[in-house]
Q: 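The structure that follows is given in the form of C-alpha cells.
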Amino acid sequence: MARGSAVAWAALGPLLWGCALGLQGGMLYPQESPSRECKELDGLWSFRADFSDNRRRGFEEQWYRRPLWESGPTVDMPVPSSFNDISQDWRLRHFVGWVWYEREVILPERWTQDLRTRVVLRIGSAHSYAIVWVNGVDTLEHEGGYLPFEADISNLVQVGPLPSRLRITIAINNTLTPTTLPPGTIQYLTDTSKYPKGYFVQNTYFDFFNYAGLQRSVLLYTTPTTYIDDITVTTSVEQDSGLVNYQISVKGSNLFKLEIRGKGFDWPLLVKDFNLLRWLGANAFRTSHYPYAEEVMQMCDRYGIVVIDECPGVGLALPQFFNNVSLHHHMQVMEEVVRRDKNHPAVVMWSVANEPASHLESAGYYLKMVIAHTKSLDPSRPVTFVSNSNYAADKGAPYVDVICLNSYYSWYHDYGHLELIQLQLATQFENWYKKYQKPIIQSEYGAETIAGFHQDPPLMFTEEYQKSLLEQYHLGLDQKRRKYVVGELIWNFADFMTEQSPTRVLGNKKGIFTRQRQPKSAAFLLRERYWKIANETRYPHSVAKSQCLENSLFT
Ligand code: GCB
C-alpha cells in the first residue's frame, strides 16, 4: 500500500525560533479526536521470563513466531506495572535478562479495511531495551526506558481480508551495561565455593530499584494517512504582548496498589500526589532520575507545577561510562526527552544527569557535549546537571546555566551533628557562587526517617531528626534565598524502593510521605514553610520577589 512520505511544514504562526534541529519526527501524546481513535492495551498480558542460562532461549526458539503459550508456560502480567513486584516467585524480583510479553487484540474492521487510516502501535515505555513483533514480524526496536516509542503498523494489519486479530509480542531486556542510561555492570562471581556456576549479579550505581517491564500504557491509535506528526510551541514577548508561536509538521499529504505495581503508572496515585503537592504548597519538582510519564507532565501544566526535566543520566559513576558510545546514546536520549516534552509549559529546565563523576576530565568533556546538544535542541530553556562534586573539582559546572547541588550534611557524615549544618551549607553556597556567579538550586537534602520512630532529643532515623535537620537547612537556605539561591528541593517527596543494602530499610526512607502517602512530621514543617514563602512572593512587585530573582537567568 502506497503511503506518502513527504514532510510538509505548515507554519501557522510567526516562526521566531529555529529549534528542533536535531529532532527526528514528533512524539505527540495520543488523544482522541474526530480523526483519531485510541485503543488502550492496558490489562492482562501473557508473560514469561527467559530463565535459560544465556537468557536467549526465546530467540533461539523464536517465541515470537507463535502464541507464547505454545512455547511454554506463561503467567498473567498486568500492564502497566513492573514485573518485579507482581509474582511470588522471588527469582522474578531480581531477574536480569529478557522477559517476554504478549497480547492479542481484535481490531475494529474499519482499521483493517480503510486504507486512508494509519494504525500506530505506541509503547509508553519499556525498560530498558525492547524488540516488538506484530503477528511475528519484527516491527520495532528501542533502547532506553522511560520514554515512548511507536511504529506505523498499517502495512501489517491492512493485508487483505480480515486479519483483524493482532498478536503483539514484546521482548524486554533490563540488563544495564556501561553504555545504557542509567549505566550498570554485570559481575560474574566465579568462586565456586560460594556461588553456583554462571552466577552473576547486576551492579548499579544509583539509589532506586531497577524496576522493569511495561511500566506505562501500551496503545494503538489511528490517524488519517495525512496527519499532524509534530507540533512545536514557543513563546516570546514583544513590547507588552505575549506571543504564542506554533509550528506544525504534517506528514503524508483506585485505591493504592503500592508494592504491587513497582512503578507502573497509576492514576489514583498520581492524583493523590498532586493533591499532596497542593496541600504542601510546593510548586516545583525534578523528575529524578528519569523522565516521568506524560500524564504527570500534563498534570504539572494543569496544576502550575514547574519541572526540572531530567533524563535517565544517573549512575554515571565510573570512568568507563564516559565513552563515545554512551555520549552518542545520551545525546539521542536528550533528543527523545526534548521531542516529547518541549511543549509543556511546566518544563523550566532540562537536567542531563544526576551526580555524574564530574570531577573527571572525561566527564567534563562529556557533559559539555550533552549540554551543548540539548541547548541546540531547545535554545529557549536553561540546561543543568545535578552535582555532588566539590566546587573546585567539578568539570561540568562551567557549562550549566544553573548550579544544582545535592548535599547531605549531618546525614552521610557528621552523624547526629545537626549544629554543623548551617556552617557547612553556607560554605557550600559561598564557594560555588564565588567561583561561578550563577544561580544555585539546592536540589537534594534530607534524612532517612522511619515513620513512627520518635526520640527527643532527636536521633537519626526518627521523625524528630528529619524535622530538625530540615529546620537547620532552612535557616541556611533563608540566608541565601534572597540573593542567589533560587530553589530548594527536598529529598524526597515519598519513600521509594531501592536495592537491598545495609543503609536501606525496605528502600529509601527519606520521604516526607511514606510510600503509602501518609505524612511524617516533616511534611507539616514543609507545608508551613512553602505556604509562607508562597504568600511572601505572591505579589509580583514585592521587594522579596525582585530580590529573589537578582542575578538569575530568569530575569
Ligand atoms: C543522592 C541521589 C539519590 C539518592 C539520595 C540518597 O544524592 O541523587 O538518588 O536516593 O542521594 O538518599 O542517598
Side-chain angles (χ1 to χ4, degrees), residues 127 145-146 176 181-184 203-211 262-263 284-292 307-318 321 349-359 363 367 384-391 393-394 396-397 400 402-415 421 424-425 428 432 440-451 460-463 465-467 469-470 473 487-515 520 522 526:
H127 185 60
Y146 310 115
L176 301 178
L181 266 194
N203 291 322
T204 58
Y205 304 87
F206 49 83
D207 183 33
F208 52 86
F209 189 80
N210 189 34
Y211 281 117
K263 57 184 173 197
F285 64 74
R286 172 168 62 114
T287 67
S288 47
H289 302 301
Y290 40 77
Y292 292 174
V307 179
I308 302 172
D309 202 350
E310 186 162 280
C311 85
V314 62
L316 292 161
L318 305 180
F321 295 160
M349 179 152 64
W350 307 110
S351 165
V352 301
N354 179 67
E355 298 186 351
S358 49
H359 58 282
L367 289 164
T384 192
F385 74 90
V386 172
S387 177
N388 65 343
S389 293
N390 179 278
Y391 78 100
D394 196 300
V400 301
V402 177
I403 307 266
C404 288
L405 301 176
N406 294 348
S407 58
Y408 286 92
Y409 301 127
S410 300
W411 186 259
Y412 285 123
H413 49 83
D414 299 311
Y415 315 134
I421 291 176
Q424 296 185 357
L425 192 60
Q428 166 195 277
W432 280 91
I440 300 179
I441 292 177
Q442 181 71 37
S443 38
E444 285 183 28
Y445 65 107
E448 211 83 17
T449 308
I450 301 183
M460 292 175 84
F461 292 99
T462 64
E463 297 199 28
Y465 192 89
Q466 184 184 39
K467 217 171 134 210
L469 182 143
L470 299 189
Y473 259 91
E488 56 184 65
L489 301 169
I490 172 79
W491 194 260
N492 187 20
F493 177 72
D495 294 345
F496 59 94
M497 190 44 75
T498 63
E499 275 296 349
Q500 301 178 68
S501 90
T503 60
R504 296 287 179 261
V505 185
L506 293 180
N508 187 310
K509 291 279 189 291
K510 294 198 187 70
I512 55 162
F513 295 100
T514 64
R515 209 171 173 210
K520 302 178 191 173
L526 283 166

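Order of listing sets the numbers, starting from 1, for every ligand and every atom in it. Positions are given from 1 along the sequence. Atom set for the values below is all heavy atoms of this structure, side chains included, hydrogens, waters and symmetry mates excluded.
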Q: Compute the centroid of each ring, for Tyr290 and then for Phe208, and state whether the two points are separated by less than 6.0 Å.
A: yes
Q: I'd like to know if Lys520 pairs up with Glu463 as an ion pair, taking the criterion as any Lys NZ or Arg NE/NH1/NH2 lying under 4.0 Å from an Asp or Glu carboxylate oxygen.
A: no
Q: Write down the atom of Ser288, the atom of Tyr292, and the distance for their closest heavy-atom approach.
A: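 Nearest heavy atoms, Ser288 then Tyr292: O-OH, 3.0 Å.
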Q: Using 30° and 60° as the class limits, which term best fits the ring planes of His289 and Trp491: parallel, tilted or perpendicular?
A: parallel
Q: Please answer whether the main-chain N or O of Glu444 pairs with a side-chain N or O of Asn406 as donor and acceptor at a distance below 3.5 Å.
A: yes
Q: Measuring from each atom of ligand 1, which residues have a heavy atom under 4.0 Å away?
A: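 Its neighbours under 4.0 Å (heavy atoms only) are Asp207, His289, Asn354, Glu355, Asn406, Tyr408, Tyr412, Glu444, Trp491, Phe496, Arg504, Asn508, Lys510, given by chain and number.
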Q: Apply salt bridge (charged side-chain N to carboxylate O under 4.0 Å, His left out) to Asp309 and list each qualifying residue two or more places apart in sequence or on a separate chain.
A: none
